[in-house]
K.L.:
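The following block contains the structure, expressed as structure tokens.
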Amino acid sequence: MNKQVLSPFDCDMCAMIEVITKQEIEVTASDTSIRLSWAQNGSEGNDKAEGQRIEALKQAIRGRLGDRFIKFFYDDGRQSVYMKYDPEEYPEEMRTRLSDPDATAGTRYCRTLLEVDAIQFRRDNVDAVLRFTGGGTVTTPRTPDGKAIFSFPNCNGIFVDVPESWYIIRELNGRFTARSEKDFKREFEPKGTPAENYTEQPARPVVAQIANLFNELFGTNIASRCRKMEEEFNEYKTAVKHAMPEFDDPGRMNAVIDELADLNAVVFHSAVILGISQRDLLEMAYDKVKGRQTDPNYKRTHPHECCGNCDSITSEDANGNGYCYTTESPVNCENPGCKQWQKRHSQFMNDKK
């Protein structure tokens, strides 16, 4: 039986016919129609019951095919139905026999490392819970086996209700969430003392430890961190300027790397305060780079008509200072563009007079 010309809807109808008649369906296709045929004792059956079954089957086939139905035909002990092709475009489907799953066909993955501070709310550690969250309200029922509820405001001023035995989680950005004991233990386990490494060097701090240290030393004021970022960027530009133009002096290049590390530390801490990882920042930047390969304005939130992107700027140094031959005046690459602004067509511009 060749059913490759049939749609999934027609295959279901064939299965229905085979179940009712207990006969195998034969499929024949032409350019304009499809013929389904099966063995049958007479066009009307040998008795009343069989005749009623045959008539009911024909009505069911007519109902399913609708306008696609052409005709019934009986000849030489076989009942046939002619129908038009199904005009609907169905997705390609592949079915296989079920077997035991084989995990080796996939790739082994592990969860992304995430360290959090957490505490379980119990009646015997209320003081510790209050210290951990900064205070709240504990409601203890008087009914037997009743569960106490601890309510406290999160960083947004919204109250979080924590049933007894649940865990309170404090994430890196200071956000509090609550999770049941079962869900918490499925994702987290107590962090033990770091094992000694084979190099006999002090254990490297994890991301959470670095974030906590930066929070303690520098605070969590994002405006302050932005000012610090500008300061570190200026120091980085100074180091780059000293390493120019060859960038081959080891001492000066070490100074560039050192300033880059300081700048990266402020970027990392700012991301922690904003509740986002450096990996997420990198993926956001990658998305914009890919998008701007086809759309130069993809996700741009500010105009780029500045002197640095103008065709008229020349003799630009490491600090962004250059000369505009159109206005015949000194400019900086970050200055907003004037009325004579023209899109820069090349990254490397020859001096123009």
Side-chain angles (χ1 to χ4, degrees), residues 1-112 114 182-183 186-187 277 279-300:
M1 178 175 58
N2 181 12
K3 293 184 179 180
Q4 293 180 352
V5 297
L6 300 180
S7 68
F9 179 83
D10 294 338
C11 289
D12 290 340
M13 185 178 70
C14 287
M16 176 194 72
I17 296 173
E18 289 178 338
V19 170
I20 295 175
T21 63
K22 296 180 174 55
Q23 300 293 329
E24 186 174 348
I25 298 289
E26 181 180 308
V27 181
T28 307
S30 68
D31 293 338
T32 58
S33 64
I34 301 173
R35 176 194 173 206
L36 306 180
S37 65
W38 59 94
Q40 182 175 294
N41 294 326
S43 62
E44 303 296 336
N46 294 330
D47 53 36
K48 182 177 179 180
E50 187 175 4
Q52 290 176 343
R53 177 181 60 78
I54 292 173
E55 184 60 29
L57 177 59
K58 289 181 178 180
Q59 291 180 7
I61 293 173
R62 283 194 188 96
R64 291 178 68 92
L65 293 178
D67 294 338
R68 295 176 55 209
F69 172 76
I70 299 176
K71 67 176 181 177
F72 287 112
F73 179 77
Y74 181 82
D75 181 52
D76 196 20
R78 296 191 69 83
Q79 177 67 58
S80 301
V81 57
Y82 290 83
M83 61 185 184
K84 300 175 185 177
Y85 281 90
D86 191 343
E88 184 172 348
E89 294 291 337
Y90 291 91
E92 184 177 349
E93 187 177 80
M94 182 183 69
R95 297 186 181 185
T96 63
R97 293 183 179 274
L98 298 180
S99 60
D100 293 333
D102 182 7
T104 61
T107 304
R108 192 72 172 178
Y109 289 88
C110 61
R111 287 182 179 271
T112 303
L114 175 64
K182 179 181 178 180
D183 291 340
R186 185 166 55 233
E187 295 192 32
S277 68
R279 173 69 187 185
D280 291 336
L281 291 177
L282 183 60
E283 290 181 354
M284 291 168 62
Y286 172 80
D287 174 64
K288 286 190 279 190
V289 169
K290 292 291 291 183
R292 290 172 187 173
Q293 289 180 326
T294 55
D295 180 8
N297 293 318
Y298 179 71
K299 289 190 175 180
R300 290 197 187 276

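Quick caveat, the model's predicted, so the values are computed rather than measured.
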K.L.:
The criterion is side chain to side chain contact (heavy atoms under 4.5 Å, CB included); which residues satisfy it with A60, sequence neighbours excluded?
P.N.:
M16
K.L.:
Can you list the residues that meet the side chain to side chain donor-acceptor pair (under 3.5 Å) rule with R35, with sequence neighbours excluded?
P.N.:
S80
K.L.:
Are any of the side-chain nitrogens in K299 or D287 under 4.0 Å away from the carboxylate oxygens of its partner?
P.N.:
yes
K.L.:
So Q79 and T21, do their side chains get closer than 4.5 Å, heavy atoms only?
P.N.:
no
K.L.:
Looking at residues at least two apart in the chain, or sitting in another chain, which of them share a side chain to side chain donor-acceptor pair (under 3.5 Å) with Q293?
P.N.:
none
K.L.:
Not counting sequence neighbours, which residues clear side chain to side chain donor-acceptor pair (under 3.5 Å) with S33? List them please.
P.N.:
S30
K.L.:
Checking A39 now: which residues fulfil side chain to side chain contact (heavy atoms under 4.5 Å, CB included) with it, not counting sequence neighbours?
P.N.:
Q23, R78
K.L.:
Check whether any side-chain heavy atom of D10 lies under 4.5 Å from a side-chain heavy atom of V27, and answer yes or no.
P.N.:
no
K.L.:
Quick one: does Y82's side chain get under 4.5 Å of L65's, heavy atoms only?
P.N.:
no
K.L.:
Run the salt bridge (Lys or Arg N to Asp or Glu O under 4.0 Å) test against R53 and tell me which residues pass, sequence neighbours left out.
P.N.:
E50
K.L.:
Check whether R68 reaches the backbone of M83 with its side chain - one donor and one acceptor, N or O, closer than 3.5 Å.
P.N.:
no
K.L.:
If I compare all heavy atoms of D86 with all of S7, which pair ends up nearest, and what's the gap?
P.N.:
OD2-OG, 3.1 Å
K.L.:
For residues 51-72, which residue pairs pass the ring-ring contact (aromatic ring centres under 6.0 Å, His included) check, not counting sequence neighbours?
P.N.:
F69-F72
K.L.:
Could you tell me which non-hydrogen atom of G291 sits nearest to which non-hydrogen atom of Y298, and how far apart they are?
P.N.:
CA-CD2, 3.5 Å
K.L.:
Minimum heavy-atom separation for K84 to D67, with atom names?
P.N.:
NZ-O, 3.7 Å
K.L.:
Would you compute the distance between atom CG of L57 and atom CZ of R62 and round it to the nearest 0.5 angstrom?
P.N.:
10.5 Å
K.L.:
Can you list the residues that meet the side chain to side chain contact (heavy atoms under 4.5 Å, CB included) rule with K22, with sequence neighbours excluded?
P.N.:
none
K.L.:
Find the distance between CD1 (I17) and CD1 (I61) and round it off to the nearest 0.5 Å.
P.N.:
3.5 Å
K.L.:
What is the minimum heavy-atom distance between C14 and L36, and which atoms define it?
P.N.:
SG-CD1, 3.8 Å
K.L.:
How close do F73 and D75 get, counting heavy atoms only, and between which atoms?
P.N.:
CE2-CB, 3.3 Å
K.L.:
Among residues at least two apart in sequence or on other chains, which ones pass side chain to side chain donor-acceptor pair (under 3.5 Å) with D280?
P.N.:
S277
